[in-house]
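To start, the structure itself, in structure tokens.
Convention: sequence-line order gives letters A, B, ...; per-chain numbering from 1.
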2 protein chains.
Amino acid sequence: MKRDSRLSSVLHALLHLAEHQAPMTSEALAKCMATHPVVVRRTMGMLRAAGLVASARGHAGGWRITADLAAVTLRELHDVLGEPAVFAIGNRNETPGCLVEEAVNAALDDAFAQAEALLLERFARITLADLAADFARRHAERRAQDHERGDRDAL
Amino acid sequence: MKRDSRLSSVLHALLHLAEHQAPMTSEALAKCMATHPVVVRRTMGMLRAAGLVASARGHAGGWRITADLAAVTLRELHDVLGEPAVFAIGNRNETPGCLVEEAVNAALDDAFAQAEALLLERFARITLADLAADFARRHAERRAQDHERGDRDAL
DNA sequence: TTTCATGTAACTTCATTTATTACAAATTAG
DNA sequence: CTAATTTGTAATAAATGAAGTTACATGAAA
């Protein structure tokens, strides 16, 4: 099964937009995400419909964030993307033809529902601001490492 | 995305086998699961490799359970099926090209890992015997309903 | 020795995501 | 005004992976 990576994509895009204050074109976003500009427009279009980003055409156009980073959770983005199916595993028939299948479906559905609830609850606790902060931390760490390496090389 | 329904399939098959004490042919199993006999053989073959079922060829051949219903958990079946990917959602690139992607992946991976752990923990707590008991309960309930309807129709 | 049934490889179908092409519409630079 | 830039969107193709199907070999029992 091919995994839906749109949530990952939009997070990547939104954080890049948060770094830039100028709008970024679909082409620029596509390049840094190794995908196609049309895919970017298609996916970002859903965020625009939800009022999280804005786009402008023509020269100096592109995408920019309009939402508050601290107010947007992964859960909201998941919803904005249409709440795609979370699991790659599922029941053979959703409408059971026999009682055996009914019992099997009930057990699996229950377990999946619990796992999905946990996942969405975790998503609801993570904001774009959290990710941006984590990025900043990694960035500082990387710079510190580079610096250390530079010192060592300079000996 | 097409969901992997093999776990659901083998549960259905195993419970049917548990009801029958005589072996069931791939064709019989396929018929009650609305699938193809070869698909049954392919999937059940993985359970045979794990020693959970046995198959016999020729007249009066077919599939039978060799494992103790109370000892087989959904978790074990999931493992036997090769631990297929649980989620239909995932990271765009598993090997991040930039720090932004690293931060995004880390957050998503963490949430998915927690949800998967919960799911597998639930799976580990459900045995085939539990499902068989649930089936028996449903069966009794259904019979009671049928009986009631019979009484009403007889008025 | 015929029939039944599994074992397995090879191939097709089907569903779904992502990629691509093509072109319309809008905006700005010159 | 016109050309360049950039989004908007439809339509189509490629890629992926599960499930379905065909074909035939193997083995067991009547």
What's the separation between atom OG in B/S26 and atom NZ in B/K31, rounded to the nearest 0.5 Å?
12.5 Å
Integer-rounded Å distance: C/dG7 C1' and B/R48 CZ:
7 Å
Here the distance between atom P of D/dA19 and atom CD1 of A/I89, to the nearest Å, is 10 Å
Rounded to the Å, how far apart are A/D4 CG and C/dA19 P?
12 Å
Exactly one of B/N91, B/D110, B/V100 should register a side-chain contact (heavy atoms from CB on, under 4.5 Å) with B/N105. Which one does?
B/N91
Using the rule side-chain contact (heavy atoms from CB on, under 4.5 Å), only one of A/D68, A/V10, A/V80, A/L128 pairs with A/L52; which is it?
A/V80
Identify each donor-acceptor pair in which a side-chain atom of residues 13-25 of chain B lies under 3.5 Å from a protein atom, sequence neighbours left out, and give them as a table.
unit_1, atom_1, unit_2, atom_2, d
B/H16, NE2, B/H12, NE2, 3.0
B/T25, OG1, B/E27, N, 3.4
B/T25, OG1, B/A28, N, 3.0

To the nearest angstrom, how far is B/E27 atom CD from C/dT3 atom P?
16 Å
So if you build clusters from Ile, Leu, Val, Met, Phe, Trp, Tyr with side-chain heavy-atom gaps below 4.5 Å, do B/M33 and B/V39 land together?
no
I'd like to know if B/L81 and A/F112 are part of one continuous hydrophobic network [Ile/Leu/Val/Met/Phe/Trp/Tyr, side-chain heavy atoms within less than 4.5 Å].
yes
To the nearest angstrom, how far is A/M46 atom CE from C/dT18 atom P?
11 Å
Checking the side chain of B/S55 only, and the main-chain atoms of B/R48 only, is there a donor and an acceptor separated by less than 3.5 Å?
no
Taking CG from B/L47 and P from C/dT6, how many angstroms apart are they, rounded to a whole number?
14 Å
Does B/W63 or A/P84 map to a spot on DNA chain C nearer the 5' end, using the closest nucleotide for each?
B/W63
With a 4.0 Å cut-off on heavy atoms, is A/G62 in touch with a base, just the backbone sugar-phosphate, or nothing at all?
sugar-phosphate
Figure out the CG/P separation between B/L17 and C/dT6, and round it to whole Å.
11 Å
Reading nucleotides 20-30 of chain D from 5' to 3' and marking B where a protein heavy atom lies under 4.0 Å of the base, S where only the sugar-phosphate is that close, and - otherwise, the string is BBB---BBBB-
Value in whole Å for how far the P atom of C/dA19 lies from CG of A/L29:
14 Å
Under 4.0 Å from OP1 or OP2 of C/dA5: is there any side-chain N or O of B/S55 that close?
no
With respect to the side chain of B/T25, which nucleotide from C/dA5, C/dT18, D/dT7 is positioned closest?
C/dA5
